[in-house]
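Reviewing the structure listed below.
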Amino acid sequence: MTDNEPGPAAHAPTAGNRNIHNVNARTLRTLAHPLRIRLLNALREFGPATASGLGERLGESSGATSYHLRQLAESGLVEDAPELGKGRERWWRSVHEGSAFESAAFRTHADPEVRGAIDVVLHETATTHAQELNTWLGTMDDWSLEWQRGWDMSDFKVRLTPELAQELYEKLHDVVESYRDRVPEGTEGSAVVRTHLHTFPRPSA
């Protein structure tokens, strides 16, 4: 997954001093389920929640969310937040701010289950990115004119070598990181901004 909370990415980002989980084969297998990715994303973006609260947010039953939260907990990706619970109420939180991995290492893994897991995670990430963008396009009129001027949907085509492509995305990650923590949480007029980065080659003919 990515440093950007929450979502998988094809390349490991620069974590700096942030609590970023480096995905291994075991946690990758755990993540290879669409609902588990959505649960982890929700906890990272919106904070601790109960299984029933997550079920309402994601349109799933509390039984399903509870089961998959326990699977995430077994892999050390989520944990109990007992200080938030009342009575038998069980709250969960993400252990990390985000996750990172090098997809190429898993795509060439000797275990076919691992190779299949990375495909699930990457395709679910692509689906999530598309859903987030479509949600914005469908709701942008609910936002102020300032925010309607402050968004972007661009694509660029440049001829590069693999080495320059890697240099490009690393520099873009650095640019995004340079804006982190510049606006304190709760600042009036601020919002969490999602930035998707897709860099990939295309055939020339």
Side-chain angles (χ1 to χ4, degrees), residues 1-49 54 58 68-69 71-79 81 92-133 160-183 185 192-201:
M1 301 181 78
T2 181
D3 107 293
N4 190 358
E5 49 305 320
H11 307 284
T14 302
N17 294 323
R18 301 176 64 223
N19 180 17
I20 301 298
H21 167 63
N22 290 315
V23 175
N24 55 35
R26 179 188 176 216
T27 51
L28 179 65
R29 291 188 187 95
T30 300
L31 288 170
H33 189 287
L35 180 53
R36 292 177 195 168
I37 293 174
R38 293 169 63 208
L39 287 167
L40 192 56
N41 287 351
L43 290 173
R44 287 176 175 172
E45 184 164 6
F46 302 109
L54 288 165
L58 301 177
H68 289 294
L69 284 165
Q71 299 303 304
L72 290 167
E74 287 183 9
S75 290
L77 294 169
V78 303
E79 64 184 6
W92 299 89
R93 62 177 162 232
S94 173
V95 175
H96 313 94
E97 292 181 63
S99 299
F101 59 75
E102 291 284 354
S103 66
F106 293 117
R107 296 189 71 83
T108 58
H109 199 280
D111 187 344
E113 184 180 350
V114 173
R115 297 197 300 272
I118 191 63
D119 282 341
V120 171
V121 171
L122 291 175
H123 280 90
E124 182 63 21
T125 300
T127 298
T128 299
H129 287 184
Q131 289 173 341
E132 289 178 343
L133 180 57
L160 300 173
T161 63
E163 294 76 16
L164 285 175
Q166 180 172 343
E167 178 183 314
L168 173 63
Y169 78 68
E170 287 176 350
K171 286 184 175 180
L172 292 172
H173 279 224
D174 289 341
V175 169
V176 174
E177 282 298 319
S178 71
Y179 283 86
R180 193 180 299 283
D181 299 326
R182 287 180 57 175
V183 179
E185 186 173 350
V192 173
V193 172
R194 293 283 278 143
T195 301
H196 299 160
L197 173 61
H198 305 149
T199 304
F200 51 89

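You'll find the side chain of F106 stays beyond 4.5 Å of the side chain of V121, heavy atoms only. For the pair H33/Q71, no side-chain contact is recorded, criterion being any heavy-atom separation below 4.5 Å from C-beta on. Inter-residue side-chain proximity for V176 and L197 is flagged as unmet; no heavy-atom pair is nearer than 4.5 Å. Looking at F101 and I118, their side chains come closer than 4.5 Å, going by heavy atoms from C-beta outward.
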### E170/H173 under side-chain contact (heavy atoms from CB on, under 4.5 Å): CA gap, chis, key distance, verdict
CA-CA 5 Å; E170 287 176 350; H173 279 224; 5.6 Å; no
### Task
Show the numbers, then the answer: is there a side chain to side chain donor-acceptor pair (under 3.5 Å) between E132 and H196?
CA-CA 10 Å; E132 289 178 343; H196 299 160; 2.7 Å; yes
#### Entry: Pair L43-L54, side-chain contact (heavy atoms from CB on, under 4.5 Å): steps then yes or no
CA-CA 8 Å; L43 290 173; L54 288 165; 4.0 Å; yes
### Message
Could you walk me through whether N41 and E124 satisfy the side-chain contact (heavy atoms from CB on, under 4.5 Å) test, starting with their C-alpha distance in whole Å, then the side-chain angles of each, then the deciding distance to 0.1 Å, before giving a yes or no?
### Response
CA-CA 12 Å; N41 287 351; E124 182 63 21; over 6 Å; no
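Taking CG of L28 as the reference point, atom CD of E113 lies at 9.5 Å (rounded to 0.5 Å). Rounding to the nearest 0.5 Å places CG of L164 at 9.0 Å from NZ of K171. In this structure, OG on S99 lies 10.0 Å from CD1 on I37, to the nearest 0.5 angstrom. Atom NE2 of residue H96 and atom CG of residue L40 lie 9.5 Å apart, to the nearest 0.5 angstrom.
Here E79 pairs with R93 in a salt bridge; the nearest charged N to carboxylate O distance falls below 4.0 Å.
The two residues N19 and V95 have their closest heavy-atom pair at ND2-O, 2.7 Å.
Applying the side chain to side chain contact (heavy atoms under 4.5 Å, CB included) rule to S178 yields no partners; only residues at least two apart in sequence or on another chain are considered.
Around atom NE2 of H198, more than 12 heavy atoms belonging to other residues, nucleotides or ligands sit under 6.0 Å away.
Screening residues 23-32 for side-chain hydrogen bond (donor to acceptor under 3.5 Å, both in side chains) gives H21-T27, N24-T27, R29-D111, T30-S75 as the qualifying pairs, with residues at least two apart or on separate chains.
Within the 3.5 Å criterion, the main-chain N or O of H109 finds a donor-acceptor partner in the side chain of R115.
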